[in-house]
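One structure below.
Residue numbers start from 1 in every chain, and the chains themselves are labelled A, B, ... in the order their sequence lines are given, proteins ahead of strands.
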There are 2 protein chains.
Amino acid sequence: MSNSTMGRCGEDALKLVADYWVLRIVEELNRAGEPLRFCNLQRLLDGVSPVTLTARLRALDDRALVARTEGSAGKASVSYELTDRGRAVLPVIQAISDFATSSP
Amino acid sequence: MSNSTMGRCGEDALKLVADYWVLRIVEELNRAGEPLRFCNLQRLLDGVSPVTLTARLRALDDRALVARTEGSAGKASVSYELTDRGRAVLPVIQAISDFATSSP
DNA sequence: GCATTCGCTACAAAACTTGTAGTGCTACCC
DNA sequence: GGGTAGCACTACAAGTTTTGTAGCGAATGC
């Protein structure tokens with residue numbers, strides 16, 4: 001680890017996870033408990049712009065936090081679901097939730 | 001973790017905390033263990049632009065996560081330090097750190 | 001066939017960040 | 001007391017990101 005001190009939690013992880021949409025996506029995918037489609041996610045996330053959603057999903061897929069699977073039908077049925085590694089960020093969301101309810 | 005009771009973790013908290021600079025600031029303030037000055041923070045945070053740093057510190061101060069105190073000398077000595085409420089976000093940073101070291 | 005839905009991409013406008021300068025103030029040195 | 005330096009910002013232009021709206025090709029429904 002090139003950083004001088006271990007005190008900082010991984011830069012990469014921080015840059016990935018310290019993002020509103022990334023956390024919302026993980027939250028909704030977890031809540032659903034089943035694969036969701038692009039437009040499902042879009043609706044659940046108060047209509048994020050498709051550009052942003054695409055970018056975030058790609059980032060999450062690249063790092064294997066979500067799995068993208070194309071149905072047999074081809075382009076018209078793609079779904080996203082959390083991987084084990086994706087579920088590893090749930091504690092972060094839980095921590096934020098705890099913080100939120102701690103002293104409003 | 002129950003998904004239905006969690007609902008979405010507080011929107012406000014999420015919007016505040018799901019931010020790279022906010023988390024870095026809290027991290028450094030905690031690490032220092034003592035009040036830091038604006039320029040100290042700026043140096044510790046790889047030279048964030050003063051505009052961004054000012055904005056984040058103001059947001060954190062508004063929500064009482066950090067306390068801003070002007071020294072007796074007036075404008076030339078302002079310092080920032082974590083409040084108890086500010087320390088309440090440390091678990092979030094810890095969770096991210098855990099995630100980062102979990103499966104690289 | 002025709003319309004609608006899906007999973008995006010294209011494009012311009014708005015919002016945010018960055019980098020560089022500069023302001024007003026205080027502290028220090030000679 | 002003058003000169004220099006540091007602090008805590010603010011001002012501004014330039015670059016990047018996000019949003020909003022439109023649209024496209026493929027598939028699904030009637």
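Distance B:Glu70 CD to D:dC9 P: 8 Å, rounded to the nearest Å. Between B:Asp46 atom CG and C:dT18 atom P there is a gap of 11 Å when expressed in whole angstrom units. When the C1' atom of C:dT17 is taken as reference, atom CZ of B:Arg58 falls 16 Å away, rounded to whole Å. The CG atom of B:Asp19 sits 14 Å away from the C1' atom of C:dA15 (whole-angstrom rounding). Taking atom CG of A:Leu41 as the reference point, atom C1' of C:dG7 lies 12 Å away to the nearest angstrom. As a whole-Å value, the separation of A:Asn40 CG from C:dG7 P is 7 Å. The interatomic distance linking A:Arg37 (CZ) with C:dT4 (C1') rounds to 14 Å, in whole Å. We find that CZ of A:Phe38 is positioned 18 Å from P of D:dA27, with the value rounded to whole Å.
Which of C:dG7, C:dT20, C:dT9 sits closest to the side chain of B:Pro50 comes down to C:dT20. Relative to the side chain of B:Thr52, the nucleotides C:dT18, C:dC11, D:dA8 differ in distance, and C:dT18 lies closest. Between C:dG7, C:dT20, D:dT21, one nucleotide has an atom nearer to the side chain of A:Val78 than all others, and that is C:dG7. Picking from D:dC9, C:dT18, C:dT17 the nucleotide with the shortest atom distance to the side chain of B:Arg56 gives C:dT17. Considering only side-chain atoms of A:Arg68, the nucleotide from C:dT17, D:dA8, C:dC8 that sits closest is C:dC8. Checking C:dT18, C:dT9, D:dG20 against the side-chain heavy atoms of A:Ser49 singles out D:dG20 as nearest. Comparing atom distances between the B:Trp21 side chain and each of C:dT18, D:dG20, D:dC7 picks out C:dT18 as nearest.
Counting any heavy atom pair closer than 4.0 Å across all strands shown, A:Tyr80 reaches sugar-phosphate atoms only and no base atom.
Within the structure, every pair that satisfies the side-chain hydrogen bond (donor to acceptor under 3.5 Å, both in side chains) test and touches residues 51-60 of chain B, not counting sequence neighbours, is listed here: B:Asp19-B:Arg56, B:Ser49-B:Thr52.
Taking 4.5 Å as the limit, every side-chain heavy atom of A:Ser79 sits out of range of all side-chain heavy atoms of A:Phe38.
B:Glu11 and A:Tyr20 share a donor-acceptor pair across their side chains, judged by distance under 3.5 Å alone.
Phosphate contact (OP1/OP2 of C:dT5, side-chain N/O of A:Arg43, threshold under 4.0 Å): absent.
Side-chain N or O atoms of A:Thr83 include one that pairs as donor or acceptor with a backbone N or O of A:Ala64 at under 3.5 Å.
Using a 4.0 Å cut-off between charged nitrogen and carboxylate oxygen, B:Asp46 and B:Arg24 count as a salt-bridge pair.
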